[in-house]
Undergrad: 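I am attaching a structure below and will ask some questions about it afterwards.
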Protein chains: 2
Amino acid sequence: MKKRNIPSVTVNRLCIYHRCLENIIKTEDKKEPLFISSSEISALTGINSAQIRKDLAYFGQFGKRGIGYLAINLVKELEKILGLDKKWSAIIVGAGNLGKALARYRGFRNRGFLIKGIFDKDPLKIGKKIGHISIYDIKEVEKFIRDKNIDIGVLVVPAEFAQEVADKMVAGGIKAILNFAPLRLSLSSEVRIHNVDLSLEFEELTYYLSK
Amino acid sequence: MKKRNIPSVTVNRLCIYHRCLENIIKTEDKKEPLFISSSEISALTGINSAQIRKDLAYFGQFGKRGIGYLAINLVKELEKILGLDKKWSAIIVGAGNLGKALARYRGFRNRGFLIKGIFDKDPLKIGKKIGHISIYDIKEVEKFIRDKNIDIGVLVVPAEFAQEVADKMVAGGIKAILNFAPLRLSLSSEVRIHNVDLSLEFEELTYYLSK
DNA sequence: TAGATTGTTAATCGATTAACAATC
DNA sequence: TAGATTGTTAATCGATTAACAATC
């Protein structure tokens with residue numbers, strides 16, 4: 001369904017358009033069908049309107065000339081494009097502070113991400129629960145991924161263990177990894193890796209502060 | 001000290017070079033002065049070596065032709081450039097799961113970020129502590145920032161309160177905001193805003209998964 | 001000196017934006 | 001029809017990379 005060679009900045013912006021439309025629809029009167037133009041989205045997001053039309057054009061023609069886009073329709077198209085119309089199963093590896101916080105994060109469930117389990121190597125944590133999600137032994141992670149057909153692994157272990165844990169997840173057949181560990185994982189190119197590097201965010205910030 | 005018009009992707013990569021060098025120095029024998037070439041950094045980071053030299057050239061000439069860069073020297077230069085040679089004071093606003101997890105995150109202290117306080121509006125939380133950091137009433141945040149000269153505010157409140165809390169921080173004279181709330185803050189351009197949007201990370205991931 | 005690598009210029013590549021014909 | 005806005009092409013802008021003189 002998806003064409004190749006879509007710039008990743010475009011995918012990024014599609015997520016922004018999606019959120020923007022969600023907000024508009026939420027606050028709007030539902031009686032009238034709501035149309036929205038690329039320049040209105042531009043005003044709300046700060047993204048150039050030609051950019052918006054071009055980003056959408058990668059995937060089809062969703063607007064009506066002279067009128068704009070039917071908001072509820074465009075939202076649905078974006079959800080199809082971004083895979084937000086499906087459920088995704090995920091696990092969290094690492095039951096530290098951040099891992100536990102992510103397990104409780106409501107934003108995930110809202111987006112169709114179902115956290116099926118948390119994994120850790122600490123015997124004191126194994127068997128406990130975070131909310132309604134159980135903490136399992138990291139030794140079981142490969143089998144768990146395979147048996148339960150887990151799509152996404154959220155990696156929240158210290159940097160020194162990240163690579164070996166990632167290898168286990170790949171062995172189990174994980175499809176994507178959201179990596180919070182501050183290092184570059186080297187894995188087979190089959191697996192999609194997204195890095196969320198909080199330290200780098202901070203370092204960039206201080207660069208701009210020390211100008 | 002800093003020139004304007006440095007692309008933000010360059011700043012991003014400087015952080016990566018810095019971490020890369022830290023790792024190399026950590027694992028290397030300290031007897032010999034360690035020289036490293038742009039192509040070695042390239043091999044470790046996956047970034048083109050000309051790119052690396054060009055990024056560094058924005059800030060000065062740090063290498064020796066025919067030899068490369070003296071690792072400990074380059075690390076120090078990068079720390080100067082990125083403002084990592086200074087201490088920065090920060091607060092966390094929002095003592096939810098993520099806020100508490102960030103308060104405990106060791107990576108911050110290691111980088112010279114000192115968390116001076118956590119703020120929340122929940123009377124049950126105010127007065128408690130996360131580790132050694134106290135939770136204060138959100139009403140005091142403006143005065144606290146002003147009195148203690150806080151540089152960075154980490155914003156971890158629900159989206160619907162994010163704008164008003166950000167306004168308070170700006171009123172107190174905050175210099176930068178690290179925003180975890182899923183929305184675009186509108187603030188005076190004096191304040192540096194960095195957005196860390198976990199939902200968007202997930203949405204991008206599912207785009208690539210549903211190909 | 002010969003070999004290696006920087007710093008920098010010039011060429012390439014890709015992404016953004018302006019402009020406009022098509023059309024609602 | 002007149003006004004508005006899309007979809008798309010062409011122009012612009014900026015970032016990446018190749019190439020190479022300078023030089024250790």
Side-chain angles (χ1 to χ4, degrees), chain A residues 2-18 20-21 24 32-78 81 204 207, chain B residues 2-18 20-21 24 32-78 81 204 207:
Chain A
K2 229 56 71 41
K3 294 151 205 147
R4 240 23 40 88
N5 303 332
I6 309 287
S8 78
V9 278
T10 289
V11 178
N12 228 300
R13 285 189 299 257
L14 293 175
C15 300
I16 295 170
Y17 308 150
H18 176 256
C20 174
L21 287 164
I24 293 167
E32 298 287 302
L34 176 64
F35 281 90
I36 186 159
S37 68
S38 57
S39 51
E40 288 174 283
I41 301 175
S42 174
L44 289 163
T45 60
I47 297 166
N48 181 290
S49 67
Q51 183 79 269
I52 295 168
R53 295 198 298 280
K54 191 146 217 274
D55 285 339
L56 295 173
Y58 282 113
F59 299 94
Q61 308 192 164
F62 306 121
K64 284 206 204 321
R65 290 172 193 225
I67 302 204
Y69 304 89
L70 181 60
I72 52 160
N73 182 46
L74 187 53
V75 155
K76 286 204 186 106
E77 292 291 350
L78 286 169
I81 293 167
E204 261 192 83
Y207 165 82
Chain B
K2 231 54 73 41
K3 295 151 204 148
R4 240 24 37 91
N5 303 334
I6 310 286
S8 77
V9 279
T10 289
V11 178
N12 227 299
R13 285 190 298 258
L14 293 175
C15 300
I16 295 171
Y17 308 151
H18 177 256
C20 174
L21 287 164
I24 292 168
E32 298 287 303
L34 175 65
F35 281 89
I36 186 158
S37 68
S38 57
S39 51
E40 288 174 284
I41 301 174
S42 174
L44 288 163
T45 59
I47 296 166
N48 180 291
S49 67
Q51 183 79 269
I52 294 168
R53 295 196 300 278
K54 190 146 217 272
D55 285 339
L56 295 173
Y58 282 112
F59 299 94
Q61 308 192 163
F62 306 122
K64 285 206 201 324
R65 291 172 193 227
I67 301 204
Y69 304 89
L70 181 60
I72 52 160
N73 182 46
L74 187 53
V75 153
K76 286 203 187 104
E77 292 291 351
L78 286 169
I81 294 166
E204 262 192 82
Y207 165 82

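Computed from a predicted structure; not experimentally measured. Scope of the values below: all heavy atoms of this structure, side chains included, with no hydrogens, waters or symmetry mates.
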Undergrad: For DNA chain D, whose closest nucleotide is more 5', that of Ala50(B) or that of Gln61(A)?
TA: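 Going by which nucleotide is closer to the 5' end, it is Gln61(A).
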Undergrad: Want to settle it: does Ser39(B) or Lys54(B) sit nearer the 5' end of DNA chain C, counting the closest nucleotide to each?
TA: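 By nearest-heavy-atom nucleotide position, the 5'-most residue is Ser39(B).
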Undergrad: Run the side-chain contact (heavy atoms from CB on, under 4.5 Å) test against Ser37(A) and tell me which residues pass, sequence neighbours left out.
TA: Ser39(A), Glu40(A)
Undergrad: Restricting to side-chain contact (heavy atoms from CB on, under 4.5 Å), what partner residues turn up for Leu74(A), sequence neighbours left out?
TA: Leu21(A), Ile41(A), Leu56(A), Phe62(A), Tyr69(A), Leu78(A)
Undergrad: Could you work out, with side-chain hydrogen bond (donor to acceptor under 3.5 Å, both in side chains) as the rule, every residue matching Asn12(B), not counting sequence neighbours?
TA: Glu204(A)
Undergrad: Reckon Ser38(A) touches a base, only the sugar-phosphate, or nothing at all at heavy-atom distances under 4.0 Å?
TA: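 Answer is sugar-phosphate: Ser38(A) comes under 4.0 Å of backbone atoms only.
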Undergrad: Where is the tightest heavy-atom contact between Ser49(B) and Ser42(B), given as atom of each residue plus distance?
TA: N-OG, 3.8 Å
Undergrad: Taking the side chain as everything from C-beta on, heavy atoms only, tell me whether Ile81(A) gets closer than 4.5 Å to Tyr58(A).
TA: no
Undergrad: Mind checking which nucleotides bracket the chain B contacts on DNA chain C, 5' to 3', with an atom under 4.0 Å from a heavy atom?
TA: dA4(C) to dT9(C)
Undergrad: Using heavy-atom distances to pick each residue's nearest nucleotide on DNA chain C, tell me which of Gly66(A) and Gln51(A) is more 5'.
TA: Gln51(A)
Undergrad: Among all residues two or more places apart in sequence or in another chain, which pass the side-chain hydrogen bond (donor to acceptor under 3.5 Å, both in side chains) test with Asn73(B)?
TA: none
Undergrad: Dot-bracket for DNA chain C, please, read 5' to 3', with Watson-Crick or G-U wobble pairs under 3.5 Å on both distances, ( ) within the strand, [ ] crossing, | other strand, . unpaired.
TA: ..||||||||||||||||||||||
Undergrad: With a 4.5 Å cut-off on side-chain heavy atoms, are Tyr207(A) and Cys15(B) touching?
TA: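 The answer is no; the side chains never approach within 4.5 Å.
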Undergrad: Counting only heavy atoms from other residues, nucleotides and ligands, does the tally under 6.0 Å from CD1 of Ile72(A) exceed 12?
TA: no
